[in-house]
Amino acid sequence: MSLQTFRMYIDGAWCDAESGQTYDSLDPADGKPWAAFPDAGEADVDRAVTAADTAFHSSEWRSLTATARGKLLRKLGDLIAENTESLARLESKDNGKLIRETRGQVSYLPEFFYYTAGLADKIEGETLPLDKPDMMAYTIREPLGVVAAIIPWNSPLYLTAIKLAPALAAGNTIVLKPSEHASATLIELVRLAEQAGIPKGVINIVTGLGAGAGAALTRHPLVRKIAFTGGAETARHVVRSSADNFARLSLELGGKSPQIIFPDADLDSALNGVVAGIFAASGQSCVAGSRILVHASVYAEFVDRLVARATQIKIGHPGEDSSEMGPMATEQQLAVVERFVEKAKAAGAKLRLGGKRPASMHGQGWYYEPTIFECESIADELMQEEVFGPVAALIPFTDEDQALAMANDSQYGLAAGIWTRDIARAHRLARSVHSGIIWVNTYRAVSAMASIGGFKNSGYGRESGIDSVLEYTERKTVWINLSSEPMADPFVMR
Ligand code: TXE
């Protein structure tokens with residue numbers, strides 16, 4: 001079967017890599033190649049960044065008012081809304097995520113563009129109450145220049161929307177680099193941006209491998225900001241690259257998020273929250289609730305109920321509406337999960353469910369069963385390391401102090417779920433758990449109005465929400481001398 005071919009978009013033109021090289025994308029549901037993408041090299045990346053820089057300084061882009069930029073983003077949101085089903089199907093094919101999930105994500109995607117479009121003309125400066133009566137000063141928020149957006153494979157459209165919309169709302173230009181494992185939907189997004197009338201060079205996309213196109217992009221001297229979502233090891237390369245160009249950084253790096261279940265919680269609801277947290281998207285979610293801390297008085301009952309519930313999960317082709325868990329997105333990620341599971345077994349963690357590929361999907365791609373372990377210690381690898389797969393690790397706690405200590409005993413700090421009906425306890429823990437998102441009696445809730453981002457090794461910077469546009473601006477201070485006196489002694493600071 002011939003492969004579907006995609007092209008990159010640089011300076012308003014669709015193109016191949018200068019070298020003519022391509023890479024294949026594999027369908028996680030059968031492991032077979034289905035599409036080919038240009039494998040961009042240094043020269044292609046340089047062309048894309050130069051085009052973005054030229055567009056940034058062009059009168060066409062600079063003379064657009066912030067309100068007009070907002071209108072372009074709204075138009076792009078409308079076009080996404082008109083193409084929800086095809087985008088959702090494509091993303092499901094590309095990264096193996098359930099069509100139920102991609103449809104839900106893409107249906108909400110326009111909201112990020114509408115909300116951020118509204119922020120474009122509300123980027124305001126301040127007048128400073130100076131301690132110098134003869135002077136006044138005010139500030140202006142200016143765009144940074146070329147933004148490099150490095151996107152992973154787990155939720156390409158969503159993770160791009162929360163970078164692209166604020167970058168453009170603030171007046172920057174952008175070069176997108178999708179993951180080599182899931183590049184297709186970002187190309188379609190750029191096609192819609194072209195239709196929306198976004199001027200040439202403002203959005204560019206280079207497809208390619210991380211060590212090639214990704215590294216060339218993040219170290220390019222004209223890049224002024226890098227917005228990165230991905231793994232911690234790759235982030236370290238990106239941070240080192242930014243030592244060359246001093247680009248600003250925002251990093252969202254995943255986590256090992258705790259779900260804390262108290263005995264007074266609605267346990268039916270907590271059960272669903274735990275299933276959503278670790279088995280939705282086959283656990284390939286930055287906010288996966290992968291360590292589950294349960295009060296000792298309900299621990300045994302909760303584990304049994306979780307095992308019973310997870311046994312019912314319907315593993316199936318991601319494109320079928322009835323499937324509840326699809327494959328892992330890549331063969332490498334499946335191997336990562338298998339390695340973690342084997343090590344946990346060898347270390348003596350108690351396997352309660354799964355721990356293998358499902359026999360029902362034999363020979364059909366990269367599926368893995370919902371897997372449940374009981375751990376002895378919060379120091380166990382499964383309690384500390386991000387697996388990024390459908391592997392839940394449970395442990396009992398005896399009181400709130402111990403639950404808090406366990407929750408914070410982590411290198412990560414992205415999200416946490418707290419399940420209790422005790423309102424004071426919920427607020428106490430919301431204050432003291434070190435993570436960027438706290439969900440009380442819910443999990444995996446997302447809104448354009450709410451920021452996401454981590455503490456500790458989960459990264460820094462915030463995306464989405466009212467401040468997201470400010471992350472793509474720099475403050476400038478303007479001083480005005482109000483005095484009619486000539487400027488005095490030039491050798492004294494004023
Ligand atoms: O991601 P990478 P990988 C975590 C998860 C997973 C691990 C590794 O634990 O097991 O990361 O996943 C580009 N310079 N998350 O290896 O490498 C790459 O091409 C510049 C958490 O697939 O981080 C892709 O576009 N760019 C996460 C992007 O970085 C480089 C989502 C992410 O790939 C590069 C995914 C380089 N040297 C994985 N090397 C989350 N936070 O949701 C690679 N890239």
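Note that ligands are numbered from 1 as they come in the structure, with each ligand's atoms numbered from 1 the same way. Model, not experiment: these values are computed from the prediction. Counting from 1, the numbers follow the sequence of the chain as shown.
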message: Does this structure show an ion pair linking Arg352 with Glu374, if we count only N-O contacts that are shorter than 4.0 Å?
response: yes
query: What residue and heavy atom of the protein are closest to atom 35 (C) of ligand 1, and at what distance?
result: Pro152 CB, 3.6 Å
query: What is the ring orientation for Tyr158 with Phe112, classed by angle as parallel under 30°, tilted 30 to 60°, or perpendicular over 60°?
result: tilted
- prompt: Which residue and non-hydrogen atom of the protein lie closest to atom 26 (N) of ligand 1, and at what distance in Å?
  reply: Gly214 CA, 3.7 Å
task: Measure from atom 3 (P) of ligand 1 to every heavy atom in Phe340, Trp153, Phe388, Phe228 and give the option owning the shortest one.
output: Trp153
- prompt: Side chain, backbone, both or neither: which part of Gln332 has a heavy atom under 4.0 Å from ligand 1?
  reply: neither
field: Nearest-option assignment for atom 27 (C) of ligand 1, heavy atoms, candidates Gly230, Gly254, Gly454
entry: Gly230
message: Please list, in number order, the atoms of ligand 1 under 4.0 Å from a heavy atom of Leu253.
response: 41 (N)
message: Below a 4.0 angstrom heavy-atom separation, can you tell me which part of Leu217, side chain or backbone, both or neither, approaches ligand 1?
response: neither
statement: protein heavy-atom neighbour closest to atom 16 (O) of ligand 1 works out as Thr234 OG1, 4.8 Å
query: Closest non-hydrogen protein atom to atom 23 (O) of ligand 1, residue and atom name please, with distance?
result: Gly231 N, 2.7 Å
message: If the condition is salt bridge (Lys or Arg N to Asp or Glu O under 4.0 Å), which residues does Asp16 pass it with, not counting sequence neighbours?
response: Arg7
field: Electrostatic pair Arg357-Glu338, nearest N-O below 4.0 angstrom
entry: yes
message: Under 4.0 Å between a side-chain nitrogen and a carboxylate oxygen: does that hold for Glu385 and Lys256?
response: no
message: If we set the cut-off at 4.0 Å for heavy atoms, which region of Ser241 has an atom near ligand 1: side chain, backbone, both, or neither?
response: neither
task: Identify, by atom number and element, the atoms of ligand 1 in contact range of Glu180, meaning under 4.0 Å from any of its heavy atoms.
output: 18 (C), 19 (O)
Carboxylate-amine/guanidinium contact Glu474 Arg224, below 4.0 Å: no
Salt bridge present between Glu188 and Arg191 (N-O < 4.0 angstrom): yes
task: Going by heavy-atom distance to atom 14 (N) of ligand 1, choose the closest among Ala215, Gly212, Ala216.
output: Ala215
field: Nearest-0.5 Å distance that lies between atom CG in Asn154 and atom CD in Gln284
entry: 7.5 Å
- prompt: Which of parallel (below 30°), tilted (30 to 60°) and perpendicular (above 60°) describes Trp34 and Phe6?
  reply: perpendicular
query: Can you check whether Ser285 has an N/O within less than 3.5 Å of an N/O in ligand 1?
result: no
query: In terms of side-chain geometry, is the basic nitrogen of Glu233 or Arg236 positioned less than 4.0 Å from the acidic oxygen of its partner?
result: yes
statement: ligand 1 to Ser179, heavy atom cutoff 4.0 Å, flagged ligand atoms 24 (C), 25 (O)
Ligand-side contact atoms (ligand 1) for residue partner Glu386, heavy atom cut-off under 4.0 Å: 4 (C), 5 (C), 9 (O)
- prompt: For atom 42 (O) of ligand 1, is the nearest protein heavy atom closer than 4.0 Å?
  reply: yes
message: Parallel, tilted or perpendicular: which one describes the rings of His434 and Phe455, with boundaries at 30° and 60°?
response: parallel
query: What residue pairs, at least two apart or across chains, pass ring-ring contact (aromatic ring centres under 6.0 Å, His included) with a residue in residues 217-258?
result: none
The one among Ser155, Ser458, Gly210, Cys286 that brings a heavy atom closest to atom 40 (C) of ligand 1: Cys286
field: Those atoms of ligand 1 less than 4.0 Å from some heavy atom in Lys177
entry: 18 (C), 19 (O), 25 (O)
Contact bool for atom 9 (O) of ligand 1 (protein heavy atom, d < 4.0 Å): yes
statement: Per-atom filter on ligand 1: closer than 4.0 angstrom to a heavy atom of Ile150 are 13 (C), 25 (O), 26 (N), 28 (C), 29 (O)
statement: Note: Ile151, heavy atoms under 4.0 Å from ligand 1, region reported as backbone
task: Do me a favour and list the nearest non-hydrogen protein atom to atom 6 (C) of ligand 1 with residue, atom name and distance?
output: Gln333 OE1, 3.7 Å
- request: Look at Lys314 together with Glu324 and state whether they make a salt bridge at an N to O cut-off of under 4.0 Å.
  value: no
field: Test item: Leu251 and Val239 side chains (from C-beta on) under 4.5 Å apart, heavy atoms
entry: yes
task: Go through ligand 1 atom by atom and flag the ones less than 4.0 Å from a non-hydrogen atom of Pro178.
output: 25 (O)
